[in-house]
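The next block holds one structure in the form of structure tokens; read it before the comments.
Atoms within each ligand, like the ligands themselves, are counted from 1 in listed order. Position 1 is the first residue of the sequence, and the numbers go up from there.
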Amino acid sequence: MLKKVLIANRGEIAVRIIRACAEMGIRSVAIYTEADRYALHVKRADEAYSLGDDPLAGYLDPQRIVNLATETGCDAIHPGYGFLSENARFAELCERAGVTFVGPKASVIDRMGDKTAARDSMREAGVPITPGSEGNLANLEEALSLAESIGYPVMIKATSGGGGRGIRRCDSASDLKQQYPRVISEATKAFGSAEVFLEKCIVDPKHIEVQILADSHGNVIHLFERDCSVQRRNQKLIEIAPSPQLSNEQRHYIGELAVRAAKAVDYENAGTVEFLLTGKEVYFMEMNTRVQVEHTITEQITGVDVVREQLRVAAGLPLSYQQSDIQFRGFALQFRINAEDPKNDFLPSFGRITHYYAPGGPGVRVDTAIYTGYEIPPYYDSMCLKLIVWALNWEDAIDRGRRALDDMRLHGIRTTVPYYQQILQHPDFRSGQFNTSFVPQHPELLNYSVKKHPSEIALAVAASLAAHAGW
Ligand code: ADP
Ligand code: ADP
Ligand code: MG
């Protein structure tokens, strides 16, 4: 087994990995930049090392992180999600330094991180893909003629995109002319690559993805699916496992497709194959070669610890389970609680958490790195907490979500909590039948009134008294 693991990440996922290490008797090493000096992952790890003043540079410096791992005697690096997790050069540097990268081989990251190369692999493997470009687009003219032949609407997408950015829908040729340069500039800024491709826009699809686990002994299994159709601007808000809108037949078909996809590229470690579903059609969309934000809900319904399996596989051990061992029970929902103000176009709302009380009780799990007094730095992702609930049936899981969101106290910043309370009451959501248009089609869900916490009211009163008194 591994003895000491460096966690090349921050926030809740770093804490999640530290917890898995602690349970497995593995020493954990955290890295941080000065903006994160008081972050929870720094406090919880067995050792922690500063990578300088710049809030981001340290987390994005492959060579420095690999050197640190070697100097501190780590035998592996877990990259988490985001940052360097899908950076093939980082995986390569690890390989060369004799440090195990907790993830697939660099060549597989390269292949699947490039969405057009991934489409090629899937085409060859007989996994259905959305109609669209073979390779990247050379210019606007090619985009226009391709769009003409497959029919509008189409999507222009950044080839190395992620996190819901670098994707634009185009409903007509004039739309495409406008959006094409925008996606290129967005892709260049966000991903350092100007490559884009085009695919048919599937109207009102469901986003269904399958969790895969694969070891170095040729075993590949799936842990069933997650439904991530509740999205805003192509970014997931609430995730559900299993999908309440799949038949068992569809479930098994899509699970097998995902296993076929992973086998086709000799996949190793945990990964996710994402699909779009419409009517009876299923299309491969992309593969994420890392642990995902929403791996938690799969853990709740299957009982499998995904991060533990990642570490075991990295150590060269076989998976703890065969496909026939994997069963699921009940429904789990995950709410991505973001430090954002839904009523103000979801603008980030960073600052000090003046009061935090975690929800609890049956079927409730919280993955977070915040605490009372913690100041959320403005340099990173706005997701500050994941609330996960589980219950035996769909309606009970929703009610448990409502109760747990209500239980929680999170003051000092604006969050997406009140917005989620509205979604949970909506009959379409409660019916379990929704697609990726649910959020844009229901702007009225933003018309809630914000209840102020007594301490916030007291602060406001004090401020106005002070103003009147001329303090
Ligand atoms: P998931 O795919 O696990 O559901 P997200 O798409 O929300 O998660 O991404 C998780 C984090 O990783 C976010 O902070 C996101 O910005 C970042 N991320 C994802 N893909 C990329 C990428 N290709 N390049 C840079 N950051 C990425
Ligand atoms: P990312 O790498 O940013 O996660 P994805 O390719 O997974 O990008 O797409 C993110 C989301 O954008 C999907 O979950 C879906 O809602 C939407 N989307 C992407 N491609 C299409 C498409 N061809 N048709 C309709 N929606 C799409
Ligand atoms: Mg995706």
Side-chain angles (χ1 to χ4, degrees), residues 9-13 16 56 59-60 79-88 90 109 112-116 118-119 128-133 147 150-171 183 186-187 189-193 195-211 226-239 270-278 281 283-298 306 334 336 338 379-384 386 434-440:
N9 216 298
R10 64 177 301 283
E12 68 82 21
I13 193 65
R16 168 72 187 87
L56 279 166
Y59 291 119
L60 293 170
Y81 57 69
F83 293 118
L84 297 172
S85 59
E86 290 176 277
N87 183 314
F90 184 46
I109 299 179
M112 300 315 262
D114 178 310
K115 291 188 183 183
T116 55
R119 283 165 61 83
I129 57 174
T130 43
S133 8
I150 63 175
Y152 288 94
V154 297
M155 288 286 200
I156 298 282
K157 296 172 71 166
T159 303
S160 42
R165 285 169 303 162
I167 303 175
R168 302 250 179 160
R169 172 179 166 148
C170 309
D171 287 288
V183 179
E186 216 169 291
K189 260 188 239 145
F191 312 112
S193 154
E195 288 173 345
V196 298
F197 69 106
L198 180 148
E199 62 183 27
K200 187 161 185 62
C201 174
I202 310 300
V203 178
D204 295 345
K206 303 174 209 313
H207 171 124
I208 305 287
E209 58 183 40
V210 179
Q211 176 71 56
R226 301 184 280 255
D227 189 324
C228 310
S229 304
V230 180
Q231 303 182 354
R232 175 179 175 271
R233 301 202 177 151
N234 308 318
Q235 290 173 349
K236 301 159 186 168
L237 295 176
I238 302 177
E239 296 111 334
T272 300
V273 189
E274 297 191 334
F275 297 94
L276 290 176
L277 245 84
T278 172
E281 302 298 321
Y283 301 101
F284 167 85
M285 184 164 52
E286 66 155 346
M287 179 164 195
N288 290 319
T289 55
R290 54 172 166 86
V291 67
Q292 268 189 305
V293 174
E294 59 274 24
H295 71 280
T296 54
I297 49 176
T298 297
V306 171
Q334 173 175 278
R336 292 193 189 200
N338 299 334
Y379 314 107
Y380 314 107
D381 205 85
S382 58
M383 190 184 75
C384 64
K386 305 192 304 202
F434 40 78
N435 55 53
T436 59
S437 301
F438 173 79
V439 164

Numbered in order shown, the ligand 2 atoms found under 4.0 Å of a heavy atom of Gln231 are 11 (C), 13 (C), 14 (O), 15 (C), 16 (O)

Hey, does Ile202 come in under 3.5 Å of ligand 2, counting only N/O atoms on both sides?
yes

Output yes when the distance from some N or O of ligand 2 to some N or O of Lys157 is under 3.5 Å, and no in every other case.
yes

Numbered atoms of ligand 1 (with element) below 4.0 Å of Tyr81, judged on heavy atoms:
10 (C), 11 (C)

If the cut-off is 4.0 Å to any non-hydrogen atom of Lys200, which atoms of ligand 2 fall inside it?
22 (C), 23 (N), 24 (N)

What's the shortest distance from atom 21 (C) of ligand 1 to any protein heavy atom, and which residue and atom give it?
Gly162 CA, 3.7 Å

Applying a heavy-atom cut-off of 4.0 Å, say which part of Asn288 lies close to ligand 2: side chain, backbone, both or neither.
neither

Looking only at protein heavy atoms, which one is nearest to atom 26 (N) of ligand 2, and what is the separation?
Met155 CE, 3.4 Å

Measure Thr436 to ligand 2 on non-hydrogen atoms and call it side chain, backbone, both or neither using the 4.0 Å cut-off.
side chain

Which protein non-hydrogen atom lies closest to atom 19 (C) of ligand 1, naming both residue and atom, and how far is it?
Gly163 N, 3.5 Å

Which ligand 1 atoms are under 4.0 Å away from a heavy-atom of Lys236?
1 (P), 2 (O), 4 (O)

Quick one: closest heavy-atom pair of Ala88 and Ile109, and the distance?
N-CG2, 3.9 Å

Would you mind checking which non-hydrogen protein atom is closest to atom 5 (P) of ligand 1, with the distance to 0.1 Å?
Arg336 NH1, 4.0 Å

Among Arg168, Glu286, Glu195, Met285, find the one that has a side chain to side chain contact (heavy atoms under 4.5 Å, CB included) with Lys157.
Met285

Atom 8 (O) of ligand 1 sits nearest the protein heavy atom Val293 CG2, 3.4 Å

Which bit of Met383 is near ligand 1, meaning a heavy atom under 4.0 Å away: side chain, backbone, both or neither?
neither

Run the numbers for me: atoms of ligand 2, each under 4.0 Å from some heavy atom of Glu199, listed by number.
20 (N), 21 (C), 22 (C), 23 (N)

Taking all non-hydrogen atoms of both residues into account, name the closest pair between Tyr283 and Pro131 and its distance.
CE2-CD, 4.2 Å

Does ligand 1 have an atom under 4.0 Å from some heavy atom of Arg290?
yes

With a cut-off of 2.8 Å, does Glu286 put an N/O/S atom close enough to the Mg ion (ligand 3)?
yes

In terms of residue, atom name and distance, what is the protein heavy atom nearest to atom 9 (O) of ligand 2?
Ile167 CD1, 3.5 Å

Looking only at protein heavy atoms, which one is nearest to atom 1 (P) of ligand 1, and how far off is it?
Gln292 NE2, 3.4 Å

Interatomic distance, Leu60 atom CG to Phe83 atom CZ [nearest 0.5 angstrom]:
6.0 Å

Taking only non-hydrogen atoms of Arg165 and a 4.0 Å limit, the atoms of ligand 1 in range are 16 (O)

Quick check on Glu239 - does any of its heavy atoms sit under 4.0 Å from an atom of ligand 1?
no

Which is closest to atom 3 (O) of ligand 2 by heavy-atom distance: Ala158, Ser229, Gly164?
Gly164

For atom 17 (C) of ligand 2, find the nearest protein heavy atom and state the residue, atom name and distance (0.1 Å precision).
Asn234 OD1, 3.5 Å

Going by the order shown, which atoms of ligand 1 are within less than 4.0 Å of some heavy atom of Gly161?
23 (N)

Is it the side chain (CB and beyond), the backbone, both or neither of Leu276 that lies under 4.0 Å from ligand 2, heavy atoms counted?
side chain

Would you say Leu84 and Tyr59 make side-chain contact, with heavy atoms under 4.5 Å?
no

Expected output: side-chain Arg119 to main-chain Phe284 donor-acceptor under 3.5 Å:
no

For atom 14 (O) of ligand 1, what is the nearest protein heavy atom, given as residue, atom name and distance?
Asp381 OD1, 2.6 Å

Answer yes when Glu86 and Arg290 have at least one side-chain N-carboxylate O distance shorter than 4.0 Å, and no when they do not.
yes

Among Lys236, Gln334, Lys386, Gln211, side-chain hydrogen bond (donor to acceptor under 3.5 Å, both in side chains) partner for Glu294
Lys236

Does Leu198 offer a backbone N or O that forms a donor-acceptor pair with the side chain of Ser133 under 3.5 Å?
yes

Check: Asp171 side chain, Pro153 main-chain N or O, donor-acceptor pair, under 3.5 Å
no

Would you mind listing which atoms of ligand 1 come within a distance below 4.0 Å of any non-hydrogen atom of Glu294?
1 (P), 3 (O), 4 (O)

Logged contact type for Phe191 with ligand 1, heavy-atom cut-off 4.0 Å, is side chain

Backbone of Thr436 reached by a side-chain donor or acceptor of Gln231 within 3.5 Å
no

Which of the numbered atoms in ligand 2 are below 4.0 angstrom from a heavy atom of Glu286?
1 (P), 2 (O), 4 (O), 5 (P), 7 (O), 8 (O)

Heavy atom under 4.0 Å from ligand 1: found in Glu209's side chain, backbone, both, or neither?
neither

Going by the atom numbers of ligand 1, which of them fall below 4.0 Å from some non-hydrogen atom of Ser160?
23 (N)

Considering only N, O or S atoms, which atom of Glu274 is nearest to the Mg ion (ligand 3)?
OE1

Go through ligand 2 atom by atom and flag the ones less than 4.0 Å from a non-hydrogen atom of Lys115.
1 (P), 2 (O), 5 (P), 6 (O), 8 (O)

Atom 27 (C) of ligand 1 [closest protein heavy-atom partner, distance rounded to 0.1 Å]:
Gly82 CA, 4.4 Å

